[in-house]
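Model, not experiment: these values are computed from the prediction. Computed from heavy atoms alone, side chains included, the values below leave out hydrogens, waters and symmetry copies. Both ligands and their constituent atoms are indexed starting at 1 by order of listing.
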Amino acid sequence: MQRTVFRNVNLLDGNQPARPGTSVVVEGPSIREIAEDAALKSRPDDRVVDLAGRTLMPGLWSSHFHTIFSDWAPAQAPMLGLEAQPGFMALVGQDNVRRALDSGFTSLICSSSAYNIDHALKVAIHRGLTPGPRLFACTRELMTPGDQPDGSNSSWYMEIGNHGIVRRCSGPEGFRHAVREELGRGADIAKVSASAGHGVGPADEIESLSFEELRAAADAAHGRGKKLRAHTASKRSILDCARAGVDIIDHADRLDEEGIEAILAADLSLAPTLLFSTRFLAFLQGLLDQGIDLGAQGHLVESREEFQARIDGGRADFENMCEVLPEANRAGLRLLVGDDYGVISIPHGDYSAEFELYVDKLGIPALDVIRWATRNAAETMNVYAETGSVEVGKLADLIVIDGDPTRDISLLGNPEATVAILQKGIFYKDALGAGAAA
Ligand SMILES: [Zn+2]
């Protein structure tokens with residue numbers, strides 16, 4: 001079997017600072033050898049590729065990924081997946097996962113989906129029908145009756161049937177049944193909507209899911225060997241999710257010291273998804289400033305002042321998270337990269353902006369954010385023994401970046417800067433040239 005020998009590599013293995021002057025050998029699906037350039041001898045039949053100091057690193061993970069979202073916006077009165085034909089939504093999903101792979105994401109942990117499209121995509125990718133990352137499929141979003149993520153209960157279309165992205169359940173038995181049934185259709189992770197808030201409005205401290213319902217959902221997922229994630233923003237709900245053993249807490253806008261301690265004690269992961277908050281708050285403010293009447297769209301917004309108060313509340317939650325997140329990172333919380341791409345103002349493909357937000361605006365060290373996008377995600381899905389870092393014996397899920405992302409984080413998630421992509425040792429993208437023979 002021909003080996004590929006990458007020479008003159010700036011190695012970012014996902015854990016340590018960059019190591020220039022390194023060689024990495026890929027054989028079959030795996031990483032076979034890592035050594036200093038001078039210490040590694042290549043064989044006559046090796047394909048030797050001189051990376052000329054470019055960066056080789058683990059393929060990225062996006063850990064809050066809605067395959068089917070595209071231009072989703074409240075001002076357009078969408079029905080959250082109830083309005084489009086399933087076949088069309090599957091094609092949207094196919095386009096989105098290919099775009100993620102083109103941007104260097106070799107793995108995705110999905111967030112709520114509809115019509116089992118995530119699972120269908122996973123099977124299609126596995127069978128080679130369409131290119132795509134390793135995909136952990138998600139269920140629909142399980143919610144209690146009369147609830148929606150922003151807590152406004154004002155959108156009539158949220159209550160239509162049970163066919164799209166939202167499934168209504170009530171009581172511990174209701175959630176246990178729904179989680180089992182949804183996961184039985186092939187998903188790897190179930191999703192519940194545990195509290196109001198995140199971007200769309202303030203995280204009111206009202207109960208969406210009870211602790212007993214959360215606990216039942218988590219137990220049902222774990223009983224089947226699978227995971228549970230939860231849309232959560234209020235303080236009370238963050239603490240409930242930690243106590244219930246939810247595997248991924250999404251958003252967590254009202255995170256504080258107590259929340260950090262609870263999540264650390266329970267050893268859970270957190271996807272802060274702050275690009276959505278900043279973009280969506282600006283989008284809503286823009287609607288208000290233009291005098292657009294959301295009431296005319298069927299939303300129950302009584303006055304301009306009420307709408308402004310909701311935006312201000314959402315902004316306060318966002319600002320809290322900007323302050324707390326660097327602290328949570330320092331405390332060792334297992335944080336994740338990934339966001340609500342496909343919602344209007346945050347299109348799929350705009351992945352670099354998220355890395356820039358965390359590193360350039362919030363001041364979190366680039367190496368830490370790289371770990372969020374590699375090791376932390378692989379650990380969350382219990383596959384770190386086989387992928388998620390560049391180590392001998394692990395799968396060669398690798399990307400080559402034209403530059404050093406620890407100096408310029410905007411290179412990550414950027415298809416132009418991502419000059420090679422390998423999945424299990426096979427080149428999906430190879431813009432490296434033939435490589436000079438040794
Ligand atoms: Zn989401």
Side-chain angles (χ1 to χ4, degrees), residues 61-74 78-82 89 92-93 96-97 100 105 108-114 117-118 121 135-143 147-152 155 158 164-167 182 187-201 203 208-209 217 227-234 237-238 241 246-253 255 269-281 283-284 314 317-318 321 335-351 353-354 357 372-373 377 380:
W61 288 62
S62 191
S63 298
H64 185 111
F65 196 90
H66 293 281
T67 58
I68 60 170
F69 279 12
S70 177
D71 289 341
W72 176 65
M79 300 183 196
L80 294 162
L82 291 165
M89 292 167 68
V92 167
N96 286 334
V97 298
F105 293 91
L108 302 175
I109 308 175
C110 293
S111 193
S112 43
S113 189
I117 287 172
D118 282 3
L121 283 168
L135 189 148
F136 293 92
C138 190
T139 63
R140 290 189 278 175
E141 182 125 350
L142 309 180
M143 290 179 162
D147 180 44
Q148 68 179 79
D150 68 355
S152 64
S155 302
M158 295 294 290
I165 200 169
V166 171
R167 175 170 175 163
E182 293 276 330
D188 303 288
I189 185 163
K191 169 107 183 267
V192 295
S193 185
S195 92
H198 184 61
V200 194
S208 294
L209 247 78
K227 304 285 185 184
L228 183 72
R229 70 186 311 155
H231 171 113
T232 299
S234 73
S237 177
I238 293 167
C241 283
V246 170
D247 301 281
I248 300 177
I249 295 181
D250 291 300
H251 320 309
D253 299 45
L255 189 68
S269 303
L270 194 159
T273 69
L274 290 185
L275 185 65
F276 166 76
S277 304
T278 179
R279 294 272 186 86
F280 203 67
L281 285 164
F283 169 75
L284 291 178
D317 288 349
F318 168 68
M321 199 52 172
L335 294 159
L336 301 170
V337 158
D339 216 313
D340 277 314
Y341 297 101
V343 177
I344 200 159
S345 76
I346 162 175
H348 271 286
D350 203 3
Y351 308 125
E354 184 186 350
L357 172 69
W372 301 6
T380 300

Is the Phe65-Tyr341 ring centre distance short of 6.0 angstrom? no

Is a donor on one side and an acceptor on the other found under 3.5 Å between the side chain of [X] and the backbone of [Y]?
{"X": "His348", "Y": "His66", "result": "yes"}
{"X": "Asp247", "Y": "Leu228", "result": "yes"}
{"X": "Asp317", "Y": "Asp253", "result": "no"}

Worksheet item: Near the Zn ion (ligand 1), meaning under 2.8 Å, how many protein N/O/S atoms are there?
Response: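 Every protein N, O or S atom under 2.8 Å from the Zn ion (ligand 1) counted, the figure is 3.
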
Taking all non-hydrogen atoms of both residues into account, name the closest pair between Ser195 and Ala233 and its distance.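 Closest approach of Ser195 to Ala233, heavy atoms only: OG-N, 2.7 Å.
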
Practice task
Check the pair Arg167 / Glu141 against salt bridge (Lys or Arg N to Asp or Glu O under 4.0 Å), numbers first and verdict last.
Solution key: CA-CA 6 Å; Arg167 175 170 175 163; Glu141 182 125 350; over 6 Å; no

